[in-house]
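Letters A, B, ... are given to chains in the order of the sequence lines, protein chains preceding strands, and every chain is numbered from 1.
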Amino acid sequence: MKSTAKICARLLADWFERRQRDLPWRGTLDPYRIWISEVMLQQTRVQVVRERWGAFLSRFPSPKALAAADDDSLLSAWEGLGYYRRVRQLREAAQRLVREHRGQIPKDPKDFASLPGVGPYTKGAVYSLAFDCPLPAIDGNAERVISRLLALKEPARKKTGRVQIEAFVQSMLREQSPRIINQALMDLGAGPCAPATPECPLCPLHSQCKARQEGTPTLYPKLPPRPRPQAVETHLLLATKEGLFLGRRIPQGEINQGQIGLPGLGLPVPSEQSLEDYLQGTFGPKAEIGPSLGSFGHSITRYKITVYVHPLNINAPPPAPFSWFSRTAKLPLSTVTRKALRLGTPLSQAKESGD
DNA sequence: AAAACGGGGTT
DNA sequence: AACCCAGTTTT
């Protein structure tokens with residue numbers, strides 16, 4: 001008798017041949033270009049990556065070009081994609097490729113996986129898609145598909161659960177092209193096996209799927225509950241003058257390093273300091289702030305942040321490290337800075353009145 | 001407004 | 001194994 005894995009591999013491959021998504025990065029076998037697409041996709045929806053992937057690669061067509069990127073061009077190329085640490089790790093990794101592997105993606109996946117920002121998933125995705133290497137690439141999609149297929153009772157992210165998922169994928173990789181199996185799992189998870197609204201009738205594996213037999217696909221995968229984000233607030237100060245705004249280059253070691261930030265309590269939150277102490281200590285007794293121009297929300301993993309923006313009048317030349325920046329220049333602004341600047345631009349509506 | 005989602009690093 | 005990362009999309 002045929003094993004389930006063998007049957008599933010065949011069904012997946014047949015389905016993928018007919019129904020695979022048409023994605024720009026599927027037109028290449030260049031591991032560098034595939035790597036960039038995978039890192040972008042880790043934090044950004046497919047539609048956005050469609051728009052940004054080609055432009056990023058035009059700017060940084062090779063590891064060598066990426067390794068040589070300065071902060072401004074690097075961050076600008078990633079602007080709006082968030083989690084800027086990842087593009088820094090990408091550059092660091094490229095620098096190591098240049099120094100240690102002549103600017104090439106190494107033959108041995110282990111060498112690749114030792115680079116910053118490259119874990120088991122990215123390693124598996126790049127080597128299977130580029131070289132058809134039989135490595136699993138288990139992202140959230142594959143995790144969900146296999147958890148449902150097996151009606152996996154163990155938590156998917158604990159060792160016992162992970163091992164079973166990986167073993168099943170490995171079995172399929174022995175039966176069909178890893179390049180096809182891994183991509184098919186991604187597409188299945190993005191389509192018929194979507195998280196909240198699975199469409200089992202469209203799924204090529206539905207005849208094999210245990211969760212479908214139980215009638216409760218959305219119970220899988222079993223994942224730990226997330227804690228509710230903590231509500232916190234912070235304050236930013238907006239000083240403007242003739243098309244300029246007051247800002248500073250965020251130093252290394254702080255959140256959003258290398259980008260332009262506004263004065264104020266900023267990130268991280270919760271902050272220890274009071275706004276009054278900050279104002280006094282940074283700009284001296286002559287500086288004044290007005291009532292809030294408004295507020296906006298900025299949520300990240302653990303915090304739901306309300307950011308208040310106050311007008312600032314410094315009545316003196318700006319103290320280091322602050323200086324005037326053009327509001328229209330192409331600067332690497334953090335998302336928080338961008339939102340705050342909008343709030344200070346009357347032509348866009350004030351979203352909330354704050355207070 | 002709340003809930004869901006994602007992969008890697010660090011300790 | 002547990003905790004952290006500094007955001008967007010879906011419900």
Side-chain angles (χ1 to χ4, degrees), chain A residues 35-49 51-52 75 78-90 92-93 112-126 136-145 147 154-163 165-166 185-186 189-190 193-198 218-234 236 250 253-259 261-262 264-271 296-307 332-340 351-352:
Chain A
W35 176 28
I36 300 298
S37 76
E38 289 298 337
V39 175
M40 276 191 183
L41 286 162
Q42 285 167 20
Q43 61 207 337
T44 309
R45 298 300 180 213
V46 168
Q47 189 49 45
V48 179
V49 176
E51 295 158 15
R52 304 291 296 274
L75 294 170
W78 207 259
E79 181 168 312
L81 298 182
Y83 292 106
Y84 300 90
R85 166 121 90 133
R86 291 184 180 169
V87 76
R88 292 184 171 282
Q89 289 178 320
L90 217 37
E92 255 181 80
F112 184 64
S114 74
L115 300 174
V118 180
Y121 169 75
T122 308
K123 173 182 71 169
V126 169
I138 299 167
D139 65 351
N141 286 328
E143 175 188 82
R144 184 171 57 256
V145 170
S147 294
E154 287 87 348
R157 299 192 181 167
K158 298 261 192 215
K159 189 155 188 181
T160 54
R162 268 205 328 264
V163 165
I165 293 169
E166 195 177 312
L185 290 172
M186 297 174 196
C193 203
T197 58
T218 56
L219 293 184
Y220 304 95
K222 300 213 180 290
L223 295 174
R226 297 206 176 203
R228 275 188 61 172
Q230 184 186 347
V232 292
E233 59 179 58
T234 187
L236 297 179
I250 298 172
E254 290 185 29
I255 288 165
N256 291 333
Q257 67 179 81
Q259 304 186 86
L262 299 181
L265 300 184
L267 304 176
V269 289
S271 100
F296 59 88
H298 184 75
S299 290
I300 55 100
T301 312
R302 294 174 53 206
Y303 300 109
K304 183 181 161 180
I305 307 166
T306 303
V307 183
L333 305 180
S334 70
T335 300
V336 166
T337 303
R338 209 171 324 118
K339 288 178 182 174
K351 287 204 155 181
E352 291 170 43

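- Summary of the strand contacts: Val48(A) and Val269(A) both lie near DNA chain C, and taking for each the nucleotide with the nearest heavy atom, the more 5' one is attributed to Val269(A).
- The shortest non-hydrogen separation linking Arg52(A) to Glu79(A) is NH2-O, 2.9 Å.
- At least one cation-pi condition fails for Lys123(A) and Tyr121(A): the charged atom is not both under 6.0 angstrom from the six-membered ring centre and inside a 45 degree cone around its axis.
- More than 12 heavy-atom neighbours from other residues, nucleotides or ligands sit within 6.0 angstrom of NZ on Lys222(A).
- Using a 4.0 Å heavy-atom cutoff across all strands shown, Pro195(A) reaches sugar-phosphate atoms only and no base atom.
- With hydrogens and angles ignored, a donor-acceptor pair closer than 3.5 Å exists between the side chain of Arg226(A) and the base of dG6(B).
- Residue-level contact check: Gln89(A) touches the backbone only, with heavy atoms under 4.0 Å from sugar-phosphate atoms and none from bases.
- Side-chain N/O atoms of Arg85(A) and base N/O atoms of dG9(B) include no donor-acceptor pair closer than 3.5 Å.
- For Arg302(A) and dC5(C), the shortest distance from a side-chain N or O to OP1 or OP2 is below 4.0 Å.
- Within the nucleic acid shown, Ile305(A) comes within 4.0 Å of at least one base atom, counting heavy atoms only.
- At a threshold of 4.0 angstrom between heavy atoms, the contacts of Leu115(A) are confined to the sugar-phosphate backbone, with no base atom among them.
- Gly258(A) and Arg88(A) get closest at one heavy-atom pair: CA-NH2, 3.8 Å.
- Spacing between atom CD1 of Ile138(A) and atom P of dC5(B) amounts to 18 Å, rounded to whole angstrom units.
- Nucleic acid contact for Tyr84(A): sugar-phosphate only, since backbone atoms but no base atoms lie under 4.0 Å from a heavy atom of the residue.
- Atom-to-atom, CD1 of Ile250(A) to P of dA6(C) comes out at 12 Å; the value is rounded to the nearest Å.
- Of all the heavy atoms in Thr301(A) and Pro229(A), the pair that sits closest is O-CB, 4.3 Å.
- Contact between Ala196(A) and Thr218(A) at its shortest, heavy atoms only, is O-CG2, 3.8 Å.
- Rounded to a whole angstrom, the distance from the C1' atom of dC5(B) to that of dC5(C) is 15 Å.
- In this structure, Thr44(A) reaches neither bases nor backbone, as no heavy-atom distance under 4.0 Å exists between it and the strands shown.
- Arg86(A) comes within 4.0 angstrom of a nucleotide base, judged by non-hydrogen atoms across all strands.
- Considering only side-chain N and O atoms, Asn141(A) lies nowhere under 4.0 angstrom from the phosphate OP1 or OP2 of dG7(B).
- Nucleic acid contact for Lys304(A): sugar-phosphate only, since backbone atoms but no base atoms lie under 4.0 Å from a heavy atom of the residue.
- Nucleotide dT8(C) holds its P atom 17 Å from the CD atom of Gln47(A), rounded to whole Å.
- Using a 4.0 Å heavy-atom distance criterion, Ser334(A) is classed as making no nucleic acid contact.
- If you check every strand for non-hydrogen atoms under 4.0 Å, Pro229(A) touches nothing.
- The residue Val118(A) sits close only to the backbone: its heavy atoms come under 4.0 Å of sugar-phosphate atoms, none of a base.
- A distance of about 16 Å separates the C1' atoms of dG6(B) and dC3(C), rounded to the whole Å.
- Of the side-chain N and O atoms in Lys158(A), one or more sit less than 4.0 angstrom from OP1 or OP2 of dA2(C).
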